[in-house]
Amino acid sequence: KSASFVLAILIPIILVRIFSKDNYGIYQQMLFVSLFLIDTAKWGLINSLYYYFPHEKDKRAQLMSQTFFLLVIIGLFLLPVLYILRYPLSDIFDSPVIATLVFPICLYFFFMLTSLILDSLFILEKKSRVVVIYEIINKTVRGVLVIGTAIVFNDVYYVLWSLTIFAFIRFSTLYIYIKKNYGIKIRKIEIPLLKSQLRYAFPIGSARMVGEIGNKVDKFILATLLTPAHFAAYSIAQFGIPFISIFYSSISQVVIPEMTIKKKAEDLIEIKRLWHKMVSQFSMVTIPVVILFSLLAKSIITLLFTDQYIDSIPVYRIFLLITMIHILSPSVVLRAFKKTKTVFVSQLCSMIVAIILSYFLIPSYGMIGGAFSFIISSFVKTFVQLTKVKEVLSLSLLSLLPWYNILKIILFSLIAAIFPIIIINQDINNIMTITVSGIGYALVMLFIYYYMGIIKYQDVIKFARSIVRS
(Lines give C-alpha, C1' and ligand atoms only; values in the text may rest on other atoms or scores of the structure.)
Protein backbone atom coordinates (compact mmCIF):
# COMPACT_ATOMS: atom_id res chain seq x y z
CA LYS A 1 0.00 0.00 0.00
CA SER A 2 2.78 2.40 0.95
CA ALA A 3 4.69 1.78 -2.29
CA SER A 4 1.60 2.30 -4.46
CA PHE A 5 0.69 5.43 -2.49
CA VAL A 6 4.13 6.96 -3.13
CA LEU A 7 3.76 6.29 -6.86
CA ALA A 8 0.32 7.92 -6.85
CA ILE A 9 1.39 11.17 -5.16
CA LEU A 10 4.36 11.56 -7.52
CA ILE A 11 1.98 12.39 -10.38
CA PRO A 12 0.71 15.76 -9.07
CA ILE A 13 4.15 16.66 -7.70
CA ILE A 14 5.65 16.28 -11.19
CA LEU A 15 2.71 17.62 -13.22
CA VAL A 16 2.63 20.96 -11.37
CA ARG A 17 6.22 21.47 -12.54
CA ILE A 18 5.32 20.76 -16.17
CA PHE A 19 1.91 22.41 -16.61
CA SER A 20 0.96 26.00 -15.96
CA LYS A 21 -1.43 26.53 -13.07
CA ASP A 22 -4.37 27.03 -15.47
CA ASN A 23 -3.58 23.87 -17.44
CA TYR A 24 -3.17 21.80 -14.28
CA GLY A 25 -6.53 23.16 -13.12
CA ILE A 26 -8.18 22.09 -16.39
CA TYR A 27 -6.59 18.63 -16.02
CA GLN A 28 -8.00 18.35 -12.49
CA GLN A 29 -11.44 19.52 -13.65
CA MET A 30 -11.59 16.78 -16.28
CA LEU A 31 -10.53 14.15 -13.73
CA PHE A 32 -13.11 15.52 -11.31
CA VAL A 33 -15.95 15.06 -13.84
CA SER A 34 -14.90 11.53 -14.81
CA LEU A 35 -14.23 10.31 -11.26
CA PHE A 36 -17.53 11.70 -10.02
CA LEU A 37 -19.37 9.77 -12.73
CA ILE A 38 -17.38 6.60 -12.04
CA ASP A 39 -18.04 6.72 -8.29
CA THR A 40 -21.78 7.26 -8.76
CA ALA A 41 -22.31 4.98 -11.78
CA LYS A 42 -20.97 1.83 -10.10
CA TRP A 43 -24.05 2.05 -7.84
CA GLY A 44 -23.02 -0.43 -5.16
CA LEU A 45 -22.29 -3.24 -7.65
CA ILE A 46 -18.66 -3.61 -6.57
CA ASN A 47 -19.67 -3.62 -2.88
CA SER A 48 -22.19 -6.37 -3.58
CA LEU A 49 -19.36 -8.65 -4.73
CA TYR A 50 -17.93 -8.70 -1.21
CA TYR A 51 -21.18 -10.25 -0.01
CA TYR A 52 -22.11 -12.56 -2.89
CA PHE A 53 -18.67 -13.82 -3.94
CA PRO A 54 -17.99 -15.75 -0.70
CA HIS A 55 -21.65 -16.78 -0.21
CA GLU A 56 -22.43 -17.89 -3.77
CA LYS A 57 -19.41 -20.07 -4.52
CA ASP A 58 -21.28 -22.17 -7.08
CA LYS A 59 -22.51 -19.11 -8.97
CA ARG A 60 -19.36 -17.03 -9.27
CA ALA A 61 -19.39 -17.26 -13.09
CA GLN A 62 -22.93 -15.87 -13.15
CA LEU A 63 -22.03 -13.22 -10.59
CA MET A 64 -18.98 -12.04 -12.55
CA SER A 65 -20.88 -12.09 -15.82
CA GLN A 66 -23.78 -9.98 -14.65
CA THR A 67 -21.62 -7.51 -12.70
CA PHE A 68 -19.27 -6.97 -15.65
CA PHE A 69 -22.00 -6.62 -18.27
CA LEU A 70 -24.12 -4.37 -16.05
CA LEU A 71 -21.16 -2.00 -15.74
CA VAL A 72 -20.68 -2.17 -19.52
CA ILE A 73 -24.37 -1.30 -20.11
CA ILE A 74 -24.20 1.63 -17.63
CA GLY A 75 -20.98 2.84 -19.28
CA LEU A 76 -22.44 2.61 -22.81
CA PHE A 77 -25.44 4.63 -21.67
CA LEU A 78 -23.49 7.40 -19.91
CA LEU A 79 -20.61 7.68 -22.39
CA PRO A 80 -22.63 9.45 -25.14
CA VAL A 81 -24.45 11.52 -22.51
CA LEU A 82 -21.13 12.86 -21.25
CA TYR A 83 -19.99 13.61 -24.81
CA ILE A 84 -23.25 15.42 -25.68
CA LEU A 85 -22.80 17.57 -22.56
CA ARG A 86 -19.31 18.74 -23.60
CA TYR A 87 -20.45 22.27 -24.52
CA PRO A 88 -22.65 22.77 -21.43
CA LEU A 89 -19.68 21.59 -19.33
CA SER A 90 -17.48 24.16 -21.05
CA ASP A 91 -20.02 26.87 -20.26
CA ILE A 92 -20.47 25.73 -16.65
CA PHE A 93 -16.72 25.70 -16.00
CA ASP A 94 -16.26 28.83 -18.16
CA SER A 95 -13.46 27.12 -20.07
CA PRO A 96 -14.04 26.60 -23.85
CA VAL A 97 -11.04 24.25 -24.14
CA ILE A 98 -12.91 21.62 -22.08
CA ALA A 99 -15.15 20.81 -25.09
CA THR A 100 -12.07 19.60 -26.98
CA LEU A 101 -10.95 17.42 -24.07
CA VAL A 102 -14.18 15.55 -23.39
CA PHE A 103 -13.75 12.74 -25.93
CA PRO A 104 -10.69 11.08 -24.31
CA ILE A 105 -12.30 11.59 -20.91
CA CYS A 106 -15.45 9.81 -22.15
CA LEU A 107 -13.37 6.79 -23.11
CA TYR A 108 -11.39 6.98 -19.86
CA PHE A 109 -14.66 6.99 -17.91
CA PHE A 110 -16.00 3.97 -19.81
CA PHE A 111 -12.89 1.80 -19.49
CA MET A 112 -12.31 2.71 -15.84
CA LEU A 113 -15.94 2.01 -14.91
CA THR A 114 -15.98 -1.37 -16.65
CA SER A 115 -12.64 -2.40 -15.11
CA LEU A 116 -13.54 -1.57 -11.49
CA ILE A 117 -13.92 -5.27 -10.68
CA LEU A 118 -10.16 -5.58 -11.12
CA ASP A 119 -9.49 -3.50 -7.97
CA SER A 120 -11.42 -6.02 -5.83
CA LEU A 121 -11.02 -9.28 -7.71
CA PHE A 122 -7.74 -10.49 -6.22
CA ILE A 123 -8.89 -9.49 -2.74
CA LEU A 124 -12.05 -11.55 -3.23
CA GLU A 125 -9.95 -14.47 -4.43
CA LYS A 126 -7.70 -14.04 -1.35
CA LYS A 127 -4.56 -13.77 -3.45
CA SER A 128 -2.63 -11.44 -1.16
CA ARG A 129 0.63 -11.54 -3.10
CA VAL A 130 -1.16 -10.83 -6.37
CA VAL A 131 -2.90 -7.86 -4.70
CA VAL A 132 0.48 -6.34 -3.79
CA ILE A 133 1.91 -6.93 -7.28
CA TYR A 134 -1.26 -5.57 -8.92
CA GLU A 135 -1.27 -2.39 -6.80
CA ILE A 136 2.34 -1.62 -7.65
CA ILE A 137 1.96 -2.38 -11.38
CA ASN A 138 -1.34 -0.46 -11.56
CA LYS A 139 0.14 2.72 -10.04
CA THR A 140 3.44 2.36 -11.89
CA VAL A 141 1.86 2.01 -15.34
CA ARG A 142 -0.43 4.96 -14.69
CA GLY A 143 2.43 7.09 -13.38
CA VAL A 144 4.78 6.25 -16.25
CA LEU A 145 2.14 6.90 -18.91
CA VAL A 146 0.91 10.19 -17.42
CA ILE A 147 4.30 11.62 -16.47
CA GLY A 148 6.01 10.41 -19.65
CA THR A 149 3.29 11.90 -21.86
CA ALA A 150 3.38 15.20 -19.95
CA ILE A 151 7.16 15.46 -20.35
CA VAL A 152 7.11 14.61 -24.07
CA PHE A 153 4.06 16.62 -25.19
CA ASN A 154 3.46 19.15 -22.38
CA ASP A 155 -0.22 19.09 -23.35
CA VAL A 156 -3.27 18.20 -21.23
CA TYR A 157 -5.01 16.68 -24.26
CA TYR A 158 -2.35 14.00 -24.75
CA VAL A 159 -2.10 13.33 -21.01
CA LEU A 160 -5.83 12.57 -20.98
CA TRP A 161 -5.27 10.17 -23.87
CA SER A 162 -2.54 8.47 -21.84
CA LEU A 163 -5.09 7.96 -19.06
CA THR A 164 -7.46 6.45 -21.63
CA ILE A 165 -4.75 4.02 -22.75
CA PHE A 166 -4.12 3.12 -19.11
CA ALA A 167 -7.84 2.48 -18.53
CA PHE A 168 -8.02 0.36 -21.71
CA ILE A 169 -5.11 -1.78 -20.47
CA ARG A 170 -7.04 -2.34 -17.22
CA PHE A 171 -10.21 -3.22 -19.13
CA SER A 172 -8.39 -5.66 -21.41
CA THR A 173 -6.60 -7.31 -18.49
CA LEU A 174 -9.85 -7.78 -16.58
CA TYR A 175 -11.78 -9.12 -19.58
CA ILE A 176 -9.08 -11.67 -20.47
CA TYR A 177 -8.74 -12.78 -16.83
CA ILE A 178 -12.44 -13.26 -16.07
CA LYS A 179 -13.10 -14.75 -19.51
CA LYS A 180 -10.41 -17.35 -18.89
CA ASN A 181 -11.15 -18.05 -15.20
CA TYR A 182 -14.92 -17.55 -15.03
CA GLY A 183 -16.00 -17.95 -18.64
CA ILE A 184 -18.18 -14.83 -18.54
CA LYS A 185 -21.02 -14.70 -21.06
CA ILE A 186 -24.21 -12.69 -21.31
CA ARG A 187 -26.30 -15.86 -21.32
CA LYS A 188 -24.84 -16.84 -17.94
CA ILE A 189 -26.73 -13.98 -16.30
CA GLU A 190 -29.20 -15.50 -13.83
CA ILE A 191 -32.28 -13.33 -13.31
CA PRO A 192 -33.10 -14.33 -9.68
CA LEU A 193 -29.46 -13.78 -8.67
CA LEU A 194 -29.38 -10.51 -10.60
CA LYS A 195 -32.50 -9.25 -8.83
CA SER A 196 -31.03 -10.21 -5.47
CA GLN A 197 -27.75 -8.46 -6.26
CA LEU A 198 -29.54 -5.29 -7.39
CA ARG A 199 -31.67 -5.25 -4.23
CA TYR A 200 -28.49 -5.48 -2.20
CA ALA A 201 -26.65 -2.87 -4.29
CA PHE A 202 -29.46 -0.30 -4.53
CA PRO A 203 -29.33 1.12 -0.97
CA ILE A 204 -25.53 1.09 -1.04
CA GLY A 205 -25.56 2.84 -4.41
CA SER A 206 -28.08 5.43 -3.19
CA ALA A 207 -25.98 6.16 -0.14
CA ARG A 208 -22.85 6.35 -2.30
CA MET A 209 -24.45 8.83 -4.70
CA VAL A 210 -25.61 11.04 -1.84
CA GLY A 211 -22.17 10.79 -0.26
CA GLU A 212 -20.38 11.63 -3.50
CA ILE A 213 -22.54 14.70 -4.09
CA GLY A 214 -21.92 15.86 -0.53
CA ASN A 215 -18.18 15.29 -0.81
CA LYS A 216 -17.75 16.97 -4.20
CA VAL A 217 -20.33 19.76 -4.33
CA ASP A 218 -17.78 22.26 -3.02
CA LYS A 219 -15.43 21.46 -5.92
CA PHE A 220 -18.27 21.65 -8.45
CA ILE A 221 -19.46 25.08 -7.29
CA LEU A 222 -15.87 26.31 -6.99
CA ALA A 223 -15.15 25.14 -10.56
CA THR A 224 -18.19 27.03 -11.88
CA LEU A 225 -17.44 30.29 -10.04
CA LEU A 226 -13.64 30.52 -10.03
CA THR A 227 -10.84 30.01 -12.56
CA PRO A 228 -9.02 26.77 -13.44
CA ALA A 229 -6.00 28.19 -11.54
CA HIS A 230 -8.12 28.42 -8.39
CA PHE A 231 -9.34 24.85 -8.97
CA ALA A 232 -5.72 23.71 -9.27
CA ALA A 233 -4.82 25.39 -5.98
CA TYR A 234 -7.90 23.90 -4.31
CA SER A 235 -6.97 20.40 -5.53
CA ILE A 236 -3.45 20.77 -4.14
CA ALA A 237 -4.90 21.98 -0.82
CA GLN A 238 -6.61 18.58 -0.47
CA PHE A 239 -3.23 16.82 -0.44
CA GLY A 240 -3.83 15.87 3.20
CA ILE A 241 -1.42 13.79 5.28
CA PRO A 242 0.42 11.03 3.39
CA PHE A 243 0.03 7.48 4.74
CA ILE A 244 -2.50 8.39 7.49
CA SER A 245 -5.22 6.42 5.68
CA ILE A 246 -3.01 3.30 5.81
CA PHE A 247 -2.77 3.71 9.59
CA TYR A 248 -6.57 4.05 9.87
CA SER A 249 -7.33 1.03 7.70
CA SER A 250 -4.75 -1.15 9.53
CA ILE A 251 -6.53 -0.61 12.85
CA SER A 252 -10.12 -0.60 11.51
CA GLN A 253 -9.67 -3.95 9.74
CA VAL A 254 -8.80 -5.51 13.10
CA VAL A 255 -11.48 -3.76 15.18
CA ILE A 256 -14.56 -4.22 12.96
CA PRO A 257 -14.58 -8.08 13.02
CA GLU A 258 -14.07 -8.02 16.80
CA MET A 259 -16.99 -5.61 17.22
CA THR A 260 -19.21 -7.79 15.05
CA ILE A 261 -18.48 -10.80 17.25
CA LYS A 262 -19.19 -8.82 20.42
CA LYS A 263 -22.45 -7.53 18.90
CA LYS A 264 -23.66 -11.10 18.42
CA ALA A 265 -22.95 -11.68 22.12
CA GLU A 266 -24.69 -8.36 22.97
CA ASP A 267 -21.56 -7.29 24.86
CA LEU A 268 -22.04 -3.50 24.66
CA ILE A 269 -19.37 -2.76 27.26
CA GLU A 270 -16.71 -4.55 25.23
CA ILE A 271 -17.85 -2.81 22.03
CA LYS A 272 -17.48 0.54 23.78
CA ARG A 273 -14.02 -0.45 25.01
CA LEU A 274 -12.91 -1.48 21.52
CA TRP A 275 -14.24 1.75 20.00
CA HIS A 276 -12.65 3.96 22.66
CA LYS A 277 -9.36 2.10 22.26
CA MET A 278 -9.48 2.70 18.51
CA VAL A 279 -10.29 6.41 18.97
CA SER A 280 -7.43 6.74 21.46
CA GLN A 281 -5.00 5.04 19.06
CA PHE A 282 -6.14 7.28 16.21
CA SER A 283 -5.74 10.34 18.47
CA MET A 284 -2.20 9.40 19.52
CA VAL A 285 -1.04 9.60 15.90
CA THR A 286 -3.48 11.97 14.21
CA ILE A 287 -3.55 14.91 16.64
CA PRO A 288 0.24 15.37 16.80
CA VAL A 289 0.61 14.89 13.04
CA VAL A 290 -2.15 17.40 12.21
CA ILE A 291 -0.56 20.01 14.49
CA LEU A 292 2.88 19.38 12.96
CA PHE A 293 1.61 19.54 9.36
CA SER A 294 -0.32 22.72 10.15
CA LEU A 295 2.89 24.34 11.36
CA LEU A 296 4.88 23.04 8.38
CA ALA A 297 2.16 23.74 5.79
CA LYS A 298 4.12 26.46 3.98
CA SER A 299 7.28 24.37 3.73
CA ILE A 300 5.37 21.23 2.61
CA ILE A 301 3.30 22.94 -0.10
CA THR A 302 6.11 25.04 -1.55
CA LEU A 303 8.59 22.16 -1.49
CA LEU A 304 6.29 19.61 -3.13
CA PHE A 305 4.25 21.87 -5.41
CA THR A 306 6.42 25.01 -5.91
CA ASP A 307 5.81 28.63 -4.89
CA GLN A 308 3.04 29.11 -7.47
CA TYR A 309 0.71 27.16 -5.13
CA ILE A 310 1.37 29.31 -2.09
CA ASP A 311 -2.32 30.31 -2.10
CA SER A 312 -3.14 26.67 -1.25
CA ILE A 313 -1.51 26.95 2.19
CA PRO A 314 -4.38 28.44 4.26
CA VAL A 315 -6.88 26.11 2.55
CA TYR A 316 -4.59 23.14 3.19
CA ARG A 317 -4.56 23.97 6.91
CA ILE A 318 -8.36 23.98 6.96
CA PHE A 319 -8.57 20.63 5.15
CA LEU A 320 -6.27 19.09 7.75
CA LEU A 321 -9.16 19.42 10.22
CA ILE A 322 -11.05 16.68 8.36
CA THR A 323 -8.42 14.24 9.64
CA MET A 324 -9.31 15.25 13.20
CA ILE A 325 -12.98 14.43 12.49
CA HIS A 326 -11.99 11.00 11.13
CA ILE A 327 -10.52 10.14 14.55
CA LEU A 328 -14.00 9.47 15.93
CA SER A 329 -14.99 6.85 13.30
CA PRO A 330 -18.57 6.26 14.56
CA SER A 331 -19.41 4.46 11.32
CA VAL A 332 -17.29 1.52 12.53
CA VAL A 333 -19.75 0.93 15.38
CA LEU A 334 -22.78 1.46 13.13
CA ARG A 335 -21.47 -1.12 10.65
CA ALA A 336 -21.13 -3.66 13.47
CA PHE A 337 -24.78 -2.96 14.41
CA LYS A 338 -25.89 -2.94 10.73
CA LYS A 339 -27.33 0.58 11.14
CA THR A 340 -26.95 1.39 7.43
CA LYS A 341 -30.02 3.63 7.48
CA THR A 342 -28.30 5.98 9.91
CA VAL A 343 -25.25 6.13 7.65
CA PHE A 344 -27.50 7.09 4.72
CA VAL A 345 -29.33 9.75 6.75
CA SER A 346 -26.02 11.20 7.95
CA GLN A 347 -24.76 11.44 4.37
CA LEU A 348 -28.03 13.02 3.24
CA CYS A 349 -27.78 15.67 5.98
CA SER A 350 -24.14 16.25 5.08
CA MET A 351 -25.03 16.68 1.40
CA ILE A 352 -27.77 19.22 2.14
CA VAL A 353 -25.48 21.24 4.41
CA ALA A 354 -22.63 21.07 1.86
CA ILE A 355 -24.86 22.37 -0.97
CA ILE A 356 -26.26 25.24 1.11
CA LEU A 357 -22.92 26.32 2.60
CA SER A 358 -21.01 26.00 -0.69
CA TYR A 359 -23.63 28.07 -2.49
CA PHE A 360 -23.32 30.93 -0.01
CA LEU A 361 -19.70 30.73 1.15
CA ILE A 362 -17.77 30.14 -2.09
CA PRO A 363 -19.02 33.28 -3.92
CA SER A 364 -18.01 35.41 -0.92
CA TYR A 365 -14.90 33.65 0.39
CA GLY A 366 -13.65 31.58 -2.56
CA MET A 367 -11.48 28.58 -1.73
CA ILE A 368 -11.64 29.28 2.02
CA GLY A 369 -15.44 29.15 1.83
CA GLY A 370 -15.33 25.85 -0.06
CA ALA A 371 -12.99 24.30 2.50
CA PHE A 372 -15.14 25.40 5.45
CA SER A 373 -18.32 24.10 3.78
CA PHE A 374 -16.62 20.71 3.31
CA ILE A 375 -15.40 20.56 6.92
CA ILE A 376 -18.74 21.62 8.42
CA SER A 377 -20.73 19.18 6.29
CA SER A 378 -18.35 16.38 7.28
CA PHE A 379 -18.83 17.31 10.93
CA VAL A 380 -22.62 17.16 10.50
CA LYS A 381 -22.32 13.62 9.11
CA THR A 382 -20.14 12.55 12.03
CA PHE A 383 -22.44 14.23 14.55
CA VAL A 384 -25.51 12.37 13.25
CA GLN A 385 -23.62 9.08 13.43
CA LEU A 386 -22.32 9.83 16.94
CA THR A 387 -25.87 10.52 18.10
CA LYS A 388 -26.93 7.06 16.94
CA VAL A 389 -23.87 5.42 18.54
CA LYS A 390 -24.75 7.14 21.81
CA GLU A 391 -28.20 5.58 21.57
CA VAL A 392 -27.22 2.02 20.60
CA LEU A 393 -24.48 1.82 23.23
CA SER A 394 -26.61 3.56 25.90
CA LEU A 395 -23.93 6.14 26.66
CA SER A 396 -24.07 9.56 28.30
CA LEU A 397 -22.35 12.58 26.78
CA LEU A 398 -19.44 12.25 29.20
CA SER A 399 -18.96 8.55 28.46
CA LEU A 400 -19.52 8.86 24.71
CA LEU A 401 -15.84 9.44 23.91
CA PRO A 402 -12.49 9.03 25.70
CA TRP A 403 -12.44 12.77 26.37
CA TYR A 404 -9.59 12.61 28.90
CA ASN A 405 -7.27 10.77 26.51
CA ILE A 406 -8.06 13.13 23.63
CA LEU A 407 -7.51 16.30 25.69
CA LYS A 408 -4.33 14.87 27.18
CA ILE A 409 -2.89 14.16 23.71
CA ILE A 410 -3.83 17.65 22.51
CA LEU A 411 -1.97 19.16 25.48
CA PHE A 412 1.13 16.99 24.90
CA SER A 413 1.10 17.83 21.18
CA LEU A 414 0.96 21.57 21.88
CA ILE A 415 3.89 21.29 24.29
CA ALA A 416 5.93 19.35 21.73
CA ALA A 417 5.01 21.93 19.06
CA ILE A 418 7.38 24.42 20.69
CA PHE A 419 10.32 22.67 19.01
CA PRO A 420 9.11 22.91 15.36
CA ILE A 421 7.93 26.50 15.98
CA ILE A 422 11.52 27.41 16.92
CA ILE A 423 12.92 25.62 13.84
CA ILE A 424 10.37 27.19 11.46
CA ASN A 425 11.47 30.66 12.53
CA GLN A 426 15.09 29.94 11.60
CA ASP A 427 16.46 30.95 8.21
CA ILE A 428 16.88 27.45 6.72
CA ASN A 429 15.56 25.77 3.57
CA ASN A 430 12.32 23.79 3.36
CA ILE A 431 13.92 20.34 3.34
CA MET A 432 15.91 21.03 6.51
CA THR A 433 12.91 22.70 8.16
CA ILE A 434 10.66 19.69 7.54
CA THR A 435 13.34 17.10 8.43
CA VAL A 436 14.62 18.69 11.65
CA SER A 437 11.14 19.74 12.83
CA GLY A 438 9.64 16.33 12.08
CA ILE A 439 12.37 14.29 13.76
CA GLY A 440 12.58 16.58 16.79
CA TYR A 441 8.81 16.72 17.22
CA ALA A 442 8.48 12.91 16.90
CA LEU A 443 11.21 12.33 19.50
CA VAL A 444 9.61 14.75 21.97
CA MET A 445 6.19 13.11 21.50
CA LEU A 446 7.62 9.60 21.92
CA PHE A 447 9.45 10.69 25.07
CA ILE A 448 6.24 12.18 26.53
CA TYR A 449 4.20 9.10 25.61
CA TYR A 450 6.82 6.79 27.12
CA TYR A 451 7.32 8.90 30.26
CA MET A 452 3.55 9.15 30.86
CA GLY A 453 3.10 5.41 30.37
CA ILE A 454 0.89 5.85 27.28
CA ILE A 455 3.06 3.54 25.18
CA LYS A 456 5.68 0.93 25.86
CA TYR A 457 8.85 0.12 23.92
CA GLN A 458 7.28 -3.09 22.61
CA ASP A 459 4.27 -1.14 21.31
CA VAL A 460 6.51 1.17 19.28
CA ILE A 461 8.33 -1.77 17.68
CA LYS A 462 5.06 -3.60 16.94
CA PHE A 463 3.50 -0.49 15.39
CA ALA A 464 6.60 0.19 13.25
CA ARG A 465 6.55 -3.39 11.93
CA SER A 466 2.83 -3.18 11.03
CA ILE A 467 3.42 0.04 9.07
CA VAL A 468 6.39 -1.50 7.23
CA ARG A 469 4.22 -4.51 6.26
CA SER A 470 1.56 -2.14 4.91
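These figures come from a predicted structure and were not determined experimentally.
- The neighbour count for Asp94 CG, taken as heavy atoms of other residues, nucleotides or ligands under 6.0 Å away, does not exceed 12.
- Side-chain N/O atoms of Gln197 and Ser48 include a donor and acceptor closer than 3.5 Å.
- For Lys262, the side-chain hydrogen bond (donor to acceptor under 3.5 Å, both in side chains) criterion is met by no residue, not counting sequence neighbours.
- Across all their heavy atoms, Ala232 and Tyr24 have their closest contact at CB-CD2, 3.8 Å.
- The six-membered or imidazole ring of Phe122 lies near that of Tyr177, with a centre-to-centre distance under 6.0 Å.
- Ring geometry for Phe239 against Tyr316 counts as tilted: the plane angle lies between 30° and 60°, on a 0 to 90° scale.
- Judged by distance alone, with hydrogens and angles left aside, the side-chain atoms of Ser34 form no donor-acceptor pair with the main-chain N or O of Ile105 at under 3.5 Å.
- Nearest heavy atoms, Ala201 versus Leu45: CB-N, 4.1 Å.
- Donor-acceptor pairing under 3.5 Å is lacking for the side chains of Ser280 and Ser283.
- Under the 3.5 Å distance criterion, with hydrogens and angles disregarded, a donor-acceptor pair is assigned to the side chains of Ser196 and Tyr52.
- Relative orientation of the Tyr182 and Phe53 rings is perpendicular, given thresholds of 30° and 60° on the angle between their planes.
- Under 4.0 Å is where a charged nitrogen must lie from a carboxylate oxygen, and between Arg60 and Glu56 no such pair does.
- Taking the six-membered ring for Trp and thresholds of 30 and 60 degrees, Phe19 and Tyr27 have ring planes inclined between 30 and 60 degrees apart.
- With a 4.5 Å cut-off on side-chain heavy atoms, Tyr87 and Ile98 do not count as touching.
- A side-chain donor-acceptor contact under 3.5 Å links His276 to the backbone of Leu400.
- Side-chain contact between Gln28 and Pro228 is absent, with no heavy atoms from C-beta onward closer than 4.5 Å.
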Checklist entry - Between Thr100 and Tyr157, does a side chain to side chain donor-acceptor pair (under 3.5 Å) hold up when you go through it step by step? => result CA-CA 8 Å; Thr100 65; Tyr157 178 75; over 6 Å; no
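- Closest approach of Arg170 to Leu118, counting heavy atoms only: O-CD2, 3.8 Å.
- When all heavy atoms of Val72 and Phe110 are compared, the pair lying nearest together is O-CE1, 3.7 Å.
- Taking the six-membered ring where the residue is Trp, Phe220 and Phe32 present tilted rings, their angle falling between 30° and 60°.
- Within 6.0 Å of atom OH in Tyr50, more than 12 heavy atoms from other residues, nucleotides or ligands are found, so the atom counts as buried in its surroundings.
- Under the 4.5 Å side-chain criterion, counting only non-hydrogen atoms from C-beta, Leu274 is not in contact with Val332.
- Panel note: side chain Ser377, backbone Val353; no donor-acceptor pair is recorded below 3.5 Å.
- Aromatic rings from Tyr234 and Phe319 are positioned such that their centres are separated by under 6.0 Å.
- What you find for Lys179 and Ile184 is that their closest heavy atoms are NZ-O, 3.3 Å.
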Next on the checklist: With side chain to side chain donor-acceptor pair (under 3.5 Å) as the criterion, how do Thr323 and His326 come out once you've worked through the C-alpha distance, each side chain's angles and the decisive distance to 0.1 Å?
Outcome noted: CA-CA 5 Å; Thr323 315; His326 289 162; 5.4 Å; no
Would you list the atom pairs, donor with acceptor, under 3.5 Å between side chains in residues 356-375 and any protein atom, with sequence neighbours excluded?
unit_1	atom_1	unit_2	atom_2	d
Ser358	OG	Ala354	O	2.7
Ser358	OG	Ser373	OG	3.0
Ser373	OG	Gly369	O	3.4
Ser373	OG	Gly370	O	2.7

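- In this structure, Phe202 has its ring center closer than 6.0 angstrom to the ring center of Trp43.
- Shortest non-hydrogen contact noted between Ala41 and Ile74 is O-CD1, 3.6 Å.
- Of the possible polar contacts, one joining the Ser294 side chain to the Val290 backbone as a donor-acceptor pair under 3.5 Å is found.
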Checklist entry - Checking side chain to side chain donor-acceptor pair (under 3.5 Å) for the pair Ser95/Gln29: CA distance, chi angles, key distance, verdict? => result CA-CA 10 Å; Ser95 181; Gln29 286 176 338; 4.9 Å; no
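- Taken from CG in Asp119 to CD in Glu135, the straight-line distance is 7.0 Å, to the nearest 0.5 Å.
- Within 6.0 Å of CZ in Phe379 there are 12 or fewer heavy atoms belonging to other residues, nucleotides or ligands.
- Within 6.0 Å of the OH atom in Tyr134, the count of heavy atoms belonging to other residues, nucleotides or ligands exceeds 12.
- Lys219 contributes no side-chain N or O that, together with a main-chain N or O of Ser235, makes up a donor-acceptor pair within less than 3.5 Å.
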